[in-house]
Amino acid sequence: MSRSNRGRESVWSPEKPTPDIERSMDQKNKHTLARKTGIGVLQSPNVGFQNCPTRPERRAGNKGWEAASMNLVGSSEAKLKVTSSPSTENEKGMEHECFNARMQSQALSPQMASIMKHNGHCNQASEGGLSMYQKDRHSMAGETSNGDRRSSNVRLQHGLAMPKRETDVGSLRVASIDFNGTSEASLNAACPTPTRNKRMESEYSRSGGQPHVSRHSRTSFIDNQADVCENSVHQEPSSASHTPSRNQPYTVVGTRHRESPENMLSDLNVGVASFDICIEKRGSVKLNPPLSIINREEREERKRSLPSQHVILGPGLILLKKYINHCDQVEIIKQCRQLGIGPGGFYRPGYNDGAKLNLQMMGLGKNWDPTTKYEDVRSIDGAKPPKIPDHFNTIVQGAIQESHNLIKKTCKVSHAEDVLPKMFPDLCIVNFYSKAGKLGLHQDKDESPQSLNKGLPVVSFSLGDSAEFIYGITRDASDKVMLESGDVLIFGGKSRMIYHGVTHITPGTAPRRLIVDTGFRSPGRLNLTFRQY
Ligand SMILES: O=C(O)CCC(=O)C(=O)O
Ligand SMILES: [Fe+2]
């Protein structure tokens, strides 16, 4: 099993609704999907639309719609409207010609602009807006408005399933729409069939202007007698405090067309939504942590200055407990945050069949993706992975040195490098795990054969919430260790090819001071694995 088989999650399965979506359905074709998000956490509610009643591939000639997934995150003002005008007489003509997509956004991230340009989805794209005017039978038309509020019409080739075959006519799909920032948004979709109309509504509302409030997302499918076929995703600005800044990106990403592998592959090329590992501070009052917490953290600091609790878990397998100090942890999180929202930043890697890893990932130096493995330019969006910051490398070298000292002392060997070779990283995989994040059992074996043969170590930093890390020489890895914020785990030499994975993270275990000083998402865990290709 290779790294490419790491924990997979099917994100769109008509048979298996995602567990966090409650589903109910009455006898009159009324479907409701609802999901409540947690309190106190800026979350990305995934609103999944599954198993829509008029799937075009099943019911030839019907106008069907499908929206597989909608993600709303954080603050943005954005509007996507997709309409298909009805024709009472000639359904086919209507279905082929009258697609019209409209996206309004006050701010378009530079990243998104370049993605849209790169993928040829618009003829003009710039930070702050994009526009497209294109007319053909599968086109969407529109214009860019003046001023702050941009109106962009985009051709979402993968965001919408354009009718390609007779059986697909009239199908509208909005498979995945990502808004970043704090948002109020709604999605409406309706499509008449000869016998009945369907209407789908989704609403994500945010009460109050502060990030730490309870959130609610609602999606429902309602029978509708309206004579229009409309599918729109609509976000209304709710208050001045939601006014987006230019670096609050708005992106639209690809669909999951289940019926064709090529579609699934090309979906991945549509673009990525930028993901922020930190919660934006919105003028909220910064409260000092309670005394008990300060005391506990001071005790932990003191413990750190005691003789180290570093352990040798196996030959070339070293755990440096709380090796990274608070200031360095803050620095690493802030730098990852900055890099993560820029070009080549965090995205959720997926497989050709639509399954996705249970984490957000970013490559530094090189990108790694389950389908492409290592690449110098990200095939998903053409972005060049950012460089590894020098400061990170300094910590890596210090950790290797510390491990050598420990090996010399404990194993009484004169050449610690025989046990754990030195390594000068040219790439780093940064993983962000949210509450449900995990990583299936795998070996890290996509590095070069020379690197693997020499047993050049992987150096892994853990920050934020603790994680249960499982490992072992064989596939039935049964050893476990808790990786806490500041820990560095190193596996090289004879342990280079261990099977390993992350079974779960434990929410609420990140040092509070770290969250306060960084705005780091809670619950959340950041993991950086440095390697030499
Ligand atoms: O998150 C971790 O601790 C492990 C990450 C990992 O194994 C990987 O990225 O290959
Ligand atoms: Fe790994």
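Computation of the quantities below employed the complete heavy-atom set of this structure, encompassing side-chain atoms and omitting hydrogens, waters and symmetry-equivalent molecules. Each ligand, and each atom within it, is numbered from 1 in the order the structure gives. Numbers for residues simply follow the sequence, beginning at 1.
Residue T529 approaches ligand 1 through these ligand atoms, each under 4.0 Å from one of its heavy atoms: 9 (O). Residue-ligand proximity, R525 to ligand 1, at heavy-atom distances under 4.0 Å covers atoms 1 (O), 2 (C), 3 (O). Contact atoms of ligand 1 toward Y433: 1 (O), 2 (C), 4 (C), 5 (C) (distance under 4.0 Å to a heavy atom of the residue). Less than 4.0 angstrom separates some heavy atom of F469 from each of these atoms of ligand 1: 3 (O). Ligand-side atoms of ligand 1 in range of D444: 10 (O), range being under 4.0 angstrom from any heavy atom. The contact set between ligand 1 and N527, taken as ligand atoms under 4.0 Å from a residue heavy atom, comprises 1 (O), 2 (C), 3 (O), 4 (C), 5 (C).
Checked against a 3.5 angstrom limit, the closest N/O atoms of R531 and ligand 1 fall inside it. Considering backbone and side-chain atoms alike, N431 places an N or O below 3.5 Å from some N or O of ligand 1.
The residues D276 and R337 are annotated as salt-bridged, a charged nitrogen and a carboxylate oxygen being separated by less than 4.0 angstrom. Between E447 and K373 there is no salt bridge, since no side-chain N of the basic residue sits under 4.0 Å from a carboxylate O of the acidic one.
Atom 6 (C) of ligand 1 has its nearest heavy-atom neighbour, among L439, L526, V458, in L439.
A cation-pi contact, defined as under 6.0 Å to the ring centre and within 45° of the axis, links R378 to Y347. Within the cation-pi definition used here (under 6.0 Å to the ring centroid, within 45° of the axis), K366 qualifies as a partner of Y533.
The side-chain contact (heavy atoms from CB on, under 4.5 Å) check on P386 picks up L339, L364, with sequence neighbours excluded. Not counting sequence neighbours, K494 has no partner by the salt bridge (Lys or Arg N to Asp or Glu O under 4.0 Å) test.
Rounding to 10 degrees, one finds that the Fe ion (ligand 2) sits at the corner of an angle of 90° between D444 OD1 and H442 NE2.
Aromatic pair F432/F520: centroids less than 6.0 angstrom apart. No close placement of the Y499 and Y471 rings is indicated, their centers lying 6.0 Å or farther apart.
Heavy-atom separations between H442 and ligand 1 include at least one value shorter than 4.0 Å.
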